[in-house]
Amino acid sequence: MSNQEYQAYNPSVIEKKWQEIWEKDQSFEPKDDFTMPKFYGLIEFPYPSGNGLHVGHPRSNTAMDIICRKRRMEGYNVLFPIGWDAFGLPTENYAIKNKIHPEIVTRRNIEHFKAQLKMLGFSFTWSSEVSTTDPEYYHFTQWIFLKLFEKGLAYKAEMPINWCTSCKVGLANEEVVNGVCERCGGEVVRKVKSQWMLRITEYAEKLIDGLDTVDFIEKVKVQQRNWIGRSTGAEVNFRIKDTDDFIRVYTTRPDTLFGATYMVISPEHKLIDKYKDRITNYDAVQEYRQQAARKSEFERTELAKEKTGVELAGITAINPVNNEEIPVWTSDYVLSSYGTGAIMAVPAHDDRDYEFAKKFGIEIVEVVSGGDISENAFTDIETGIMINSGFLNGLSVKDAKAAVTKYLEEQGIGEAKVNFKLRDWVFSRQRYWGEPIPVVQCEKCGYVALPESELPLLLPNIDNYVQTDSGESPLVNLPEWVNTTCPHCGGPAKRETDTMPQWAGSSWYFIRYTDPHNQKELASWDKMKYWLPVDWYNGGMEHTTLHLLYSRFWHKFLYDIGAVPCPEPYQKRTSHGMILGENGEKMSKSRGNVINPDDIVKEIGADAFRLYEMFMGAFDQPIPWSTDGARGCYRFLERVWKLQKMVTDEKDVSKAHQRSVHVAIKKVSEDYEKMKYNTAIAAMMSLVNAFYSENSLSRGDMAALLKLLYPVCPHFAEELWQKLGLSGRMIHEEKWPEFDESKLALDEVEIAVQILGKIKLRINVPASLDRDALAEYALSNDSVKELIAGKQVRKVIAVPGSLVNIIC
RNA sequence: GCGGAUAUGGUGGAAUGGCAGACACGCUGGUCUUAGGAACCAGUGCGCAAGCGUGCAGGUUCAAGUCCUGUUAUCCGCACCA
């Protein structure tokens with residue numbers, strides 16, 4: 001019995017107490033000792049919105065906090081940083097609406113977030129805190145841009161953007177919902193603007209291949225691979241009859257070349273203009289092209305089901321393998337932005353071509369046997385055999401591909417080709433609250449980079465953050481800022497007024513964390529060399545093809561120019577499921593099902609809140625919130641709290657609980673690593689139930705439980721540890737417990753006895769029996785004998801520790 | 001249409017091919033209380049039972065929630081990528 005006076009569990013008091021101690025002692029600051037084994041745990045730094053933390057943040061943060069706290073107890077030097085992804089639209093919109101400078105809004109929001117995160121007791125490396133809006137930080141965001149520009153990976157191009165006709169504003173894709181403006185419901189059209197682009201496509205291959213070297217959860221890899229969309233095939237030239245010109249097509253099915261019965265080029269294809277004099281129905285073609293151009297993105301996808309198109313009368317092409325003359329069409333089902341903007345159509349073996357050919361009565365020639373082309377296109381590439389295909393006849397699809405590609409290359413009419421779906425990254429925003437792009441436009445020299453010595457190019461102060469009527473950044477209203485001189489020729493030049501997207505600052509923040517106040521470079525080489533790559537990065541699936549891909553791109557680029565020491569930024573990536581409202585729907589203000597972490601912490605404390613978020617269900621699955629469930633976790637902590645009244649003076653793990661304790665250590669240690677927090681917590685609950693069933697536990701038993709519980713409920717564990725005086729240190733300075741396999745053994749186990757696979761009874765047997773001994777033991781049991789009396793035993797399957805199945 | 005995931009009590013969910021429903025929530029009854037939305041104790045998949053039970057239909061196996069084939073529903077992502 002502890003001689004401490006018993007006090008009821010009061011989370012608000014002890015949480016505050018320990019947060020102050022940790023802060024005062026700098027308990028979680030990493031050491032400068034680079035000989036220690038390191039662990040770099042990372043969570044996506046939050047966007048400090050005005051709404052404050054939602055319940056999703058603590059789910060990811062607590063999960064990684066658990067890993068980091070455990071790592072420290074295991075002797076690792078741990079970096080677990082936090083910062084602010086603070087540029088971006090919502091802050092700017094708030095600033096516009098309330099006429100407050102976004103910088104002030106941002107500062108206020110960060111303070112609020114910080115207080116909330118501290119309230120939850122995360123063991124962040126606060127000394128590494130960064131904000132993307134800090135000039136000291138965006139200095140190097142701009143520096144990376146200069147490097148991209150220098151290497152030709154940043155370029156300016158005419159690109160269509162989403163334009164709200166009512167707000168007269170360019171919108172991000174995320175702001176366009178069902179073809180209308182998210183804010184005003186106005187019509188959104190495509191408007192061509194000159195935009196900064198980043199050549200991420202240059203890294204398509206590396207981004208795909210790099211996935212084989214990292215430990216990302218499979219669905220992230222699959223999604224990135226699909227997004228990058230590598231496909232292998234061939235480009236083939238089809239001569240336009242009576243000219244020297246070719247239509248060059250891309251196909252993944254060069255094996256079906258003999259089945260090409262027409263061609264389709266995109267409405268934007270240059271050859272249409274070039275041969276407009278030959279096209280006898282040019283008026284009709286022109287009208288179709290205008291129609292296609294007028295269609296908004298929304299309409300184009302809406303109308304995707306029904307194929308449309310116009311034949312280019314007067315133009316035909318020659319199939320290079322059989323010299324057949326085939327018609328050429330234009331249709332918007334062929335995209336100008338993919339491949340060569342032209343295809344050979346093989347209706348017998350492509351669903352889209354089939355549909356198109358059926359609609360317009362074009363010939364369908366079967367070249368792969370195995371299907372029924374009177375019903376459907378036959379697209380199976382595994383089983384088909386080539387027919388009607390000259391020298392390819394009799395080959396499998398796979399062999400035919402190889403054979404025809406070789407032939408094309410030998411004849412000089414085509415070649416193997418890899419294509420990607422990935423598009424270059426539109427990097428401009430006509431907005432105020434972002435990093436200025438450090439480039440000027442000179443009348444003589446064109447786009448010229450600022451010299452590095454002029455970085456950071458500060459975002460100038462401004463009174464009005466609204467875009468201009470023509471959709472330019474409000475920075476254009478600052479002539480004294482815009483008008484400058486060309487660093488190259490000294491002549492008059494204008495600064496770029498577009499700013500960078502929110503994804504810029506977040507593409508390299510994990511590098512900056514290793515050396516956040518370095519004025520000279522991204523981070524010092526020694527620090528990067530020690531800390532990078534991030535060992536474990538947890539975040540949301542919604543960033544898989546955005547932030548996660550962008551930052552891998554930047555990192556690979558930085559690696560290629562020798563600015564970082566490793567080719568991949570993240571060794572391991574995991575992902576948490578979303579927390580839904582209590583009604584099972586997505587949490588949102590409009591649904592009125594939002595749970596505020598402040599309210600929960602006020603009611604049950606941070607530890608119970610953290611505990612519940614980890615216990616509520618499988619970590620990677622979406623899960624509805626349950627306030628009752630959260631209260632249940634509070635009850636569990638109260639139950640543990642009350643254990644202090646039955647702790648004996650025995651120092652070691654008790655005989656009575658020895659097995660339960662070691663089972664729990666094993667289960668909890670393993671489950672934390674697998675992020676199976678729910679079952680880890682269940683194991684601790686079972687242990688507590690075992691303590692209660694004996695009405696007694698030793699100090700050693702309690703110590704083991706508290707160490708296991710500490711990563712999830714750190715304040716609680718620290719407090720009880722100290723209250724019971726379990727050691728002279730604080731619990732976070734303790735070693736992680738190890739389990740002893742030999743302590744897991746049982747003397748006797750209950751096994752099930754089955755007859756023909758049906759359970760008939762359960763018997764207790766010595767745990768040490770092997771397969772044969774167990775079978776024998778079971779057969780000699782009186783109750784079992786009764787069951788099989790008069791029957792012939794044909795076979796006995798015995799599984800030690802589990803069951804005996806008697807076949808008779 | 002393509003890709004991914006999921007499907008188990010009233011609810012959230014457990015279960016290396018080996019006793020389905022661990023651990024919780026909720027609910028029912030009880031104890032103690034001036035009181036209970038506190039605590040503690042007992043019960044709780046369905047069925048009176050024999051039995052039946054992991055979306056549905058088959059299959060493999062001594063044994064299937066788990067493996068295979070097919071199928072349905074829901075969620076997420078992509079959207080004519082040749």
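Quick note on labels: first sequence line is chain A, next is B, and so on, each numbered from 1.
Taking 3.5 Å as the limit, the base of B:C80 and the side chain of A:K307 contain a donor-acceptor pair of atoms between them.
One can place CE of A:M684 at 15 Å from P of B:C23, the figure rounded to the nearest angstrom. We find that CD1 of A:I759 is positioned 13 Å from P of B:G51, with the value rounded to whole Å. When rounded to the nearest whole Å, the span between CG of A:L580 and P of B:U74 equals 17 Å. Rounded to an integer number of Å, the gap from CG of A:D350 to P of B:C2 is 13 Å. At whole-Å resolution of the value, NZ in A:K667 and P in B:A14 are 10 Å apart. In this structure, NZ of A:K219 is placed 16 Å from C1' of B:C78, rounded to the nearest angstrom.
The side chain of A:Q621 has B:A5 as its nearest neighbour among B:A5, B:G12, B:C78. Nearest to the side chain of A:A682, among B:G12, B:C80, B:C23, sits B:C23. The listed nucleotides are B:C80, B:A14, B:A5; the one nearest the side chain of A:D332 is B:C80. Taking only side-chain atoms of A:T251, from C-beta outward, the nucleotide of B:C19, B:A82, B:G3 with the closest atom is B:A82. When each of B:G13, B:A14, B:A82 is scored by its nearest atom to the side-chain atoms of A:I623, the top-ranked nucleotide is B:G13. Among the nucleotides B:C80, B:G18, B:A15, the one closest to any side-chain atom of A:L335 is B:C80.
Of the side-chain N and O atoms in A:N689, none sit less than 4.0 angstrom from OP1 or OP2 of B:A22. Contact check, A:S231 against B:A82: a side-chain N or O comes under 4.0 Å of OP1 or OP2. Within the 4.0 Å cut-off from OP1 or OP2 of B:G77, not a single side-chain nitrogen or oxygen of A:N226 is found. Between B:C40 and A:R639, a contact under 4.0 Å exists linking OP1 or OP2 to a side-chain N or O.
B:G58 sits 15 Å from B:G65 when the P atoms are compared, rounded to a whole Å. Comparing the same atom, C1', in B:A79 and in B:G4 gives a spacing of 15 Å after rounding to whole Å. Rounded to a whole angstrom, the distance from the C1' atom of B:A38 to that of B:G47 is 37 Å.
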Name the pairs: protein N/O against N/O of nucleotides 58-65 of chain B, kept only if under 3.5 Å.
from: B:C62; atom 1: O2'; to: A:N805; atom 2: ND2; distance (Å): 3.2
from: B:C62; atom 1: O2; to: A:N805; atom 2: ND2; distance (Å): 2.8

Considering only nitrogen or oxygen atoms on both sides, find all protein atoms under 3.5 Å from nucleotides 26-32 of chain B and state each distance.
from: B:G26; atom 1: OP2; to: A:R635; atom 2: NH2; distance (Å): 3.1

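Looking at which nucleotide of RNA chain B each of A:K758 and A:S802 is closest to, the 5′-most match is held by A:S802. Comparing A:S336 and A:T545 along RNA chain B, the residue whose closest nucleotide (by nearest heavy atom) sits nearer the 5' end is A:T545.
Not a single donor-acceptor pair under 3.5 Å links the side chain of A:H657 to the backbone N or O of A:L697. A donor-acceptor pair is defined here as one N or O able to donate and one able to accept, closer than 3.5 Å; no such pair exists between the side chain of A:Y672 and the backbone of A:A680. Checking side-chain atoms of A:D424 against main-chain N and O of A:I200 turns up a donor-acceptor pair under 3.5 Å. Although no hydrogens or angles enter the test, the distance criterion places a donor-acceptor pair under 3.5 Å between the side chain of A:Y262 and the main chain of A:D353. The main-chain N or O of A:S626 is found under 3.5 Å from a side-chain atom of A:Y612 such that the two form a donor-acceptor pair. Proximity of a side-chain donor or acceptor of A:T340 to a complementary backbone N or O of A:R248 within less than 3.5 Å is detected.
A:G339 and A:N419 get closest at one heavy-atom pair: CA-ND2, 3.6 Å.
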Subject >> Strand RNA chain B as a dot-bracket string - pairs counted if Watson-Crick or G-U with both distances under 3.5 Å, | where the partner lies in another strand >> reply: (((((((..(((.....[....)))((((((.......))))))((....))..(((((..]....))))))))))))....
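The CD1 atom of A:I272 sits 6.5 Å away from atom OG of A:S266, with the distance rounded to the nearest 0.5 Å.
Here A:A618 lies in heavy-atom contact (under 4.0 Å) with sugar-phosphate atoms only.
Cation-pi geometry between A:K307 and A:F356 is not met at under 6.0 angstrom from the ring centre and within 45 degrees of the axis.
A:R199 meets the salt bridge (charged side-chain N to carboxylate O under 4.0 Å, His left out) test with no other residue; sequence neighbours excluded. The ring pair (Phe, Tyr, Trp, His ring centres under 6.0 Å) search around A:F238 returns none, not counting sequence neighbours. Applying the side chain to side chain donor-acceptor pair (under 3.5 Å) test to A:E582 and every residue at least two apart in sequence or in another chain returns A:T627.
Of the N and O atoms on the side chains of A:E44 and A:H543, at least one donor lies less than 3.5 Å from an acceptor on the other residue.
Glycosidic conformation of B:G45: anti, with the torsion beyond 90° of 0.
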